[in-house]
Amino acid sequence: MIAVEDVGVRFGGVHALSGVSFAVEEGRTCGVIGPNGAGKTTLFDVVTGLRRPTTGTVRLRGEDVTATGAVRRARLGVRRTFQRPQVFGRLTVLENVLAAVEWRGGGGGLPADLVGLRARRRAEAARRERAAEVLDRCGIGALSGAYAADLPIGQRRMVELARAVADEPSVLLLDEPTSGLDGEQSERFASVVRGLDATVLLVEHDVGFVMAACERIVVLDLGRVIADGEPAAVREDPAVRAAYLG
Ligand SMILES: Nc1ncnc2c1ncn2[C@@H]1O[C@H](COP(=O)(O)OP(=O)(O)OP(=O)(O)O)[C@@H](O)[C@H]1O
């Protein structure tokens, strides 16, 4: 479960978020929509731990993580994708995904590597098998050996998705996931996300995609929540129409 309670973020005189509260139940998919500058990316930064809010509290599965850094939140199972896909350009597609599961290596450094050689090899084989399976699921298995930097944006986005889901996240945040994807990739993306056992928060300008993919929608405008509910109700909300849907 993700809970955001009375969160505010100020940048100097700009109130990027003010008094934002909502909660997403375990395993549910919630969309966040709103015009440019509404505070969507700032909200993601607050939930993933990249930015500490000026006021308010963030909870993950009931635990107050407001002061918890991004790395520790990642260890708790939080993963995200970015508006501009962030991949390791000089690594291959397979290596990008392996990097996401590398921390499960077991620790202990070189001595442990030497002593537990056979167990290490088994763990490494299991990681590679898992990475290959995830790449296939994301439709990019054939690109395993390609360098991420050489790929067009749509495929880079799928690499980012594969990396985010490889470790079975409990919380997944997707920032404009369909931008740069063709229709087939969009469908593939949605089906990979649907197949996860994760609580998902997703920002997207493609309202049709949000309405179809989300059970719940939070609408932000100028840093405040102006609507929160099921897609059909949000679509009809006069304040939402005025601010965003037109
Ligand atoms: N690092 C920063 N320093 C100063 N102001 C910022 C910073 N980051 C965001 N802002 C401001 O905070 C507000 C919210 O920005 P944010 O990027 O969260 O909106 P958004 O809804 O994600 O917009 P978009 O749809 O354009 O990505 C905007 O007014 C923006 O200019």
Side-chain angles (χ1 to χ4, degrees), residues 2-24 29-60 65-71 73-74 78-87 153-154 156-157 160-161 164 171-181 185-186 189-190 193 199-214 216-229 231 234-235 237-246:
I2 306 170
V4 174
E5 298 166 5
D6 203 21
V7 159
V9 174
R10 254 196 335 265
F11 297 109
V14 177
H15 291 259
L17 295 174
S18 312
V20 171
S21 298
F22 65 91
V24 188
T29 298
C30 174
V32 180
I33 62 173
N36 290 336
K40 305 178 297 290
T41 299
T42 305
L43 176 66
F44 267 32
D45 289 346
V46 166
V47 174
T48 50
L50 285 183
R51 187 170 296 286
R52 195 161 166 182
T54 319
T55 56
T57 306
V58 178
R59 290 181 204 282
L60 295 175
V65 295
T66 317
T68 305
V71 173
R73 283 193 220 187
V78 179
R79 296 287 182 277
R80 93 181 262 186
T81 65
F82 290 83
Q83 214 165 335
R84 290 158 55 126
Q86 305 290 314
V87 291
I153 182 166
R156 257 183 285 150
R157 214 172 264 297
E160 208 192 24
L161 175 68
V171 171
L172 180 62
L173 289 90
L174 305 168
D175 200 347
E176 297 193 22
T178 69
S179 132
L181 297 188
Q185 285 169 325
S186 253
F189 198 107
V193 172
T199 308
V200 181
L201 200 57
L202 103 88
V203 163
E204 179 57 65
H205 283 295
D206 178 345
V207 174
F209 182 89
V210 178
M211 297 279 168
C214 301
R216 155 101 181 282
I217 295 177
V218 170
V219 187
L220 287 179
D221 185 32
L222 297 173
R224 294 184 177 277
V225 175
I226 60 164
D228 178 357
V234 164
R235 193 202 290 266
D237 189 309
V240 177
R241 288 189 161 271
Y244 186 58
L245 295 175

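In listed order, ligands and their atoms are each counted from 1.
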Which of the atoms in ligand 1, numbered in the order shown and given with their element, are less than 4.0 Å from a heavy-atom of [X]?
X	result
Gln83	27 (O)
Ala38	19 (O), 20 (P), 21 (O)
His205	25 (O)
Thr41	17 (O), 18 (O), 20 (P), 22 (O), 27 (O)
Lys40	18 (O), 19 (O), 20 (P), 21 (O), 22 (O), 23 (O), 24 (P), 25 (O)

Would [X] count as being in polar contact with ligand 1, using the rule that some N or O on each side must be under 3.5 angstrom apart?
X	value
Glu176	no
Ala16	no
Phe11	no

Report yes if the side chains of Leu202 and Cys214 come closer than 4.5 Å at any heavy-atom pair, otherwise no.
yes

From Leu17, Thr55, Val20, residue fulfilling side-chain contact (heavy atoms from CB on, under 4.5 Å) relative to Val9:
Leu17

Of the side chain and backbone of Val14, name the one, both, or neither that has a heavy atom under 4.0 Å from an atom of ligand 1.
side chain

Provide the closest heavy-atom pair for Gly31 versus Val210 in the form atom of the first, atom of the second, distance.
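Distance-wise, the nearest heavy atoms are CA-CG1, 4.2 Å.
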
Tell me: protein heavy atom nearest [atom], and distance?
atom	value
atom 26 (O) of ligand 1	Asn36 OD1, 3.4 Å
atom 15 (O) of ligand 1	Thr42 OG1, 3.8 Å
atom 19 (O) of ligand 1	Gly39 N, 3.1 Å
atom 14 (C) of ligand 1	Gly37 O, 3.3 Å

Could you check whether Arg80 pairs with Asp45 (Lys NZ or Arg NE/NH1/NH2 to Asp/Glu carboxylate O, under 4.0 Å)?
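Yes, charged N to carboxylate O under 4.0 Å.
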
Any ion pair linking Arg216 and Asp228 (charged N to carboxylate O, less than 4.0 Å)?
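So Asp228 pairs with Arg216 through a salt bridge.
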
contact_flag Gly34 ligand 1 heavy-atom lt 4.0 Å:
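Under 4.0 Å: no for Gly34.
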
What do you think, any protein heavy atom under 4.0 angstrom from atom 31 (O) of ligand 1?
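There is no protein heavy atom less than 4.0 Å from atom 31 (O) of ligand 1.
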
Please check if a non-hydrogen protein atom sits closer than 4.0 Å to atom 4 (C) of ligand 1.
yes

Show, in sequence, the C-alpha distance, side-chain angles and deciding distance for Leu174 and Val193, and conclude whether the side-chain contact (heavy atoms from CB on, under 4.5 Å) test is met.
CA-CA 10 Å; Leu174 305 168; Val193 172; 3.8 Å; yes

Would you say Arg224 has more than 12 foreign heavy atoms packed within less than 6.0 Å of its CZ?
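Check fails, neighbour count at 12 or below.
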
For atom CG of Leu222, decide whether the heavy atoms of other residues, nucleotides or ligands shown that lie under 6.0 angstrom number more than 12.
no

Looking only at side-chain N and O atoms, does Gln83 offer a donor or acceptor that is under 3.5 Å from a partner on Ser179?
no

Got a donor-acceptor contact below 3.5 angstrom from the Thr81 side chain to the Leu161 backbone?
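Judged by distance alone, no pair lies under 3.5 Å.
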
